[in-house]
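The structure appears right after this line, and notes come after that.
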Amino acid sequence: MKFQTPRGTRDILSPEVEFRNYIFEKSRELFEIYGFKEIVTPTFERTEVFTKGIGEASDIVSKEMYTFKDRKGRSLTLKPEGTAPVVRSFIQNKMYGKSLPIKLYYCSQMFRYEKPQAGRGREFSQVGVEILGTSDPLADIETIALVMNLYKELGIDQTKLIINSMGCRNCRKNYLQDLNKYLEIKSKNLCENCNFRIKKNPLRVFDCKVDQCKKILSKSPILRDYLCNECEDHFKNVLKGLESLRIEWQLDNRLVRGFDYYTKTVFEVTAPKLGAQDAICGGGRYDYLIEDYGGPLTPAVGVAIGIDRTVLVMMRMGIKPFSEKNIQVFLIALNDTAKKKAIVLLDDLRKNKIPSDMDYGNRGIKSQFKMADRLKAKYALILGEDELRNNKVSLKEMDTGKQSIINYDDVINYIKEKIKESK
RNA sequence: GUGAGCGUAGCUCAGCUUGGUUAGAGCGCAGGAUUGUGGCUCCUGAGGUCGCGGGUUCGAAUCCCGUCGUUCACCCCA
């Protein structure tokens, strides 16, 4: 019986794992600088937490969730996204009673039952931020600026910010009236799926990529033309703010993100080298979500960043931002007695925070040098009969090939000095 | 969910069209040339259920069917 990871999941090995940790590290650092606090929500929630906010008609809810029943028959779902749980927690923990806004970030695995592809797994990682309790366009701007700065920090350039506004309840009411009128006339020529969407959530018809539907929809009313004064103002302020931060954007009237909860600002950032899966983050404002979940009306905005795709871009762009932590010292023991002494020395080196290693097998000196070479060790320490007899060790600088004999008791300090010099 | 490509040594791949002795290469790995000294060179060696299952055939890595995994596009989205 051979085991392998389930479809769409994988082991994350070096060097990818180093990229991943680096991105986590940088994100956390930046989030804290922006004043966010971390929140950890459960890996699974009651299914309604997701169906309510994301929307029954959305692809994610209708066909991509890992939903199961527990032993008491309760329907639970592995989290497919991060915002709904944060909103649930905001209400459950009565955070609305604190001084608003509340700024939270999360780092977590997400689960969606999708057809796997590079940059699209069934388990994937996201980091994200949410600003809860302000309708100020500055929050939208801060969120976008944050991700753009993160990409800059990570060395990812050629990113593209795509932005749109989806309006509020008021402007959407008028828009939906006209859109429904339009769709009603055309419904015979629209696909079955679209007709289903019309019933559930007409905005989702823009997800359709059937040519016939696309053609019809390209002439449909556009939400942006229906924005009320407040929304229009909000959107203009967001764009102006981005301008003042020298962040370029690209308007996309058809950008309708795949969650029902979005209002006003929605945006996505795409990166090169990713083919079709090129969105590395996406987010927007969700002013009614908290109210819909039974909390007080609390406007909010957030963004989710895809870690796996960010790793892919960095690797494909040849970005290697972290310094390799190579072994500094490799111990070479030439007989059993030497070996016994070597493990003591090795322990000492490590207690002194000097990255060091040795061979545990019974290889010859040649092989051990080869290992030292492969590990890119700076120094090789040799313990053989001669050295043991005189309580010395031989130290060879791997780069220059220079070799010297030093007292056993001085080794740690000697190497510490050497490392300090080379810095 | 739809369509297509790929799966042969640790890695990258050749062989498959036109089925035929022990399935190859490069890199890597191990040992040696140099018995206490790495990188370069040379020599030698180990390593393969040809993804898995079934079928056709005297004979299958090669043809057919199924299956699993992966990649690409659609879709969705991070």
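All values derive from a computational prediction rather than experimental measurement.
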Which of these nucleotides, rA73(B), rG36(B), rC77(B), is closest to any side-chain atom of Phe259(A)? rC77(B)
Rounded to whole Å, how long is the line connecting atom NZ of Lys366(A) with atom C1' of rG36(B)? 11 Å
Regarding Asp252(A) and Arg224(A), does a basic nitrogen lie under 4.0 Å from an acidic carboxylate oxygen? no
Between atom NZ in Lys370(A) and atom P in rG31(B), what is the gap in whole Å? 7 Å
Quantified in whole Å, what is the C1' atom distance between nucleotide rC52(B) and nucleotide rU70(B)? 15 Å
Please report the distance separating the P of rA4(B) from the corresponding atom of rC64(B), rounded so that it comes out in whole Å. 14 Å
When you compare rA46(B) with rG28(B), how far apart are their C1' atoms, in angstrom units rounded to a whole number? 13 Å
Do other residues, nucleotides or ligands put more than 12 heavy atoms under 6.0 Å from the CD atom of Glu421(A)? yes
For the base of rG36(B), is there a side-chain donor-acceptor partner from Glu387(A) under 3.5 Å away? yes
On the nucleotide rA73(B), are OP1 or OP2 found under 4.0 Å from the side-chain N or O atoms that Gln117(A) carries? yes
With respect to Glu397(A), which candidate in Lys402(A), Lys418(A), Lys378(A) satisfies the side chain to side chain donor-acceptor pair (under 3.5 Å) definition? Lys418(A)
Paired with Arg285(A), the side chain to side chain donor-acceptor pair (under 3.5 Å) test is passed by just one of Thr265(A), Asp140(A), Thr143(A), Thr263(A), namely Asp140(A)
Atom P, compared across rG20(B) and rG1(B): separation rounded to whole Å: 38 Å
What is the pairing partner of rU62(B), taking Watson-Crick or G-U wobble pairs with both distances under 3.5 Å in any strand? none
Separation of the P atoms in rU17(B) and rG7(B), to the nearest angstrom: 14 Å
So, is Arg120(A) close to the rC75(B) phosphate, meaning a side-chain N or O under 4.0 Å from OP1 or OP2? no
Pick the nucleotide of RNA chain B nearest each of Gly119(A) and Gly384(A); which residue has the one closer to the 5' end? Gly384(A)
Is it the case that the side chain of Lys103(A) and the backbone of Tyr34(A) share a donor-acceptor pair, with hydrogens and angles ignored and the cut-off at 3.5 Å? yes
Looking only at atom P, what distance separates rG3(B) and rG66(B), rounded to whole Å? 12 Å
Is the shortest side-chain N/O distance from Arg374(A) to OP1 or OP2 of rC29(B) below 4.0 Å? yes
Quick one: Glu114(A) CD to rC74(B) P, roughly how many Å, whole number? 14 Å
For rU67(B), give the paired nucleotide (Watson-Crick: N1-N3 plus N6-O4 or O6-N4; G-U: N1-O2 and O6-N3; both under 3.5 Å), or none. rG51(B)
Now, which nucleotide makes the Watson-Crick or G-U wobble pair with rC42(B), with each of the two distances under 3.5 Å? rG32(B)
Scanning all shown strands, the Watson-Crick or wobble mate of rU17(B) with both distances under 3.5 Å is none
Whole Å only: how far is the CZ atom of Arg7(A) from the C1' atom of rG1(B)? 11 Å
Just to be sure I understand the rule, does Ile382(A) reach a base, reach only the sugar-phosphate, or reach nothing, if contact means heavy atoms closer than 4.0 Å? base
Ser394(A) side chain N/O closer than 4.0 Å to the phosphate oxygens (OP1, OP2) of rU37(B)? no
With rounding to whole Å, what would you report as the distance between rC16(B) and rG24(B) at their P atoms? 15 Å
Pairwise C1' distance, rG38(B) and rA33(B) [rounded to whole Å]: 16 Å
Does Lys63(A) reach a base, just sugar-phosphate, or nothing at all? Heavy atoms under 4.0 Å. nothing
Ignoring backbone atoms, test whether Lys115(A) places a side-chain nitrogen or oxygen under 4.0 Å from the OP1 or OP2 oxygen of rG1(B). no
Is atom CD1 of Ile405(A) surrounded by more than 12 heavy atoms (other residues, nucleotides or ligands) closer than 6.0 Å? no
By nearest atom, which of the nucleotides rG39(B), rU37(B), rC75(B) is closest to the Asp373(A) side chain? rG39(B)
Expected output: side-chain Arg363(A) to main-chain Gln368(A) donor-acceptor under 3.5 Å: no
Residue whose nearest RNA chain B nucleotide is more 5′ - Leu274(A) or Asp399(A): Asp399(A)
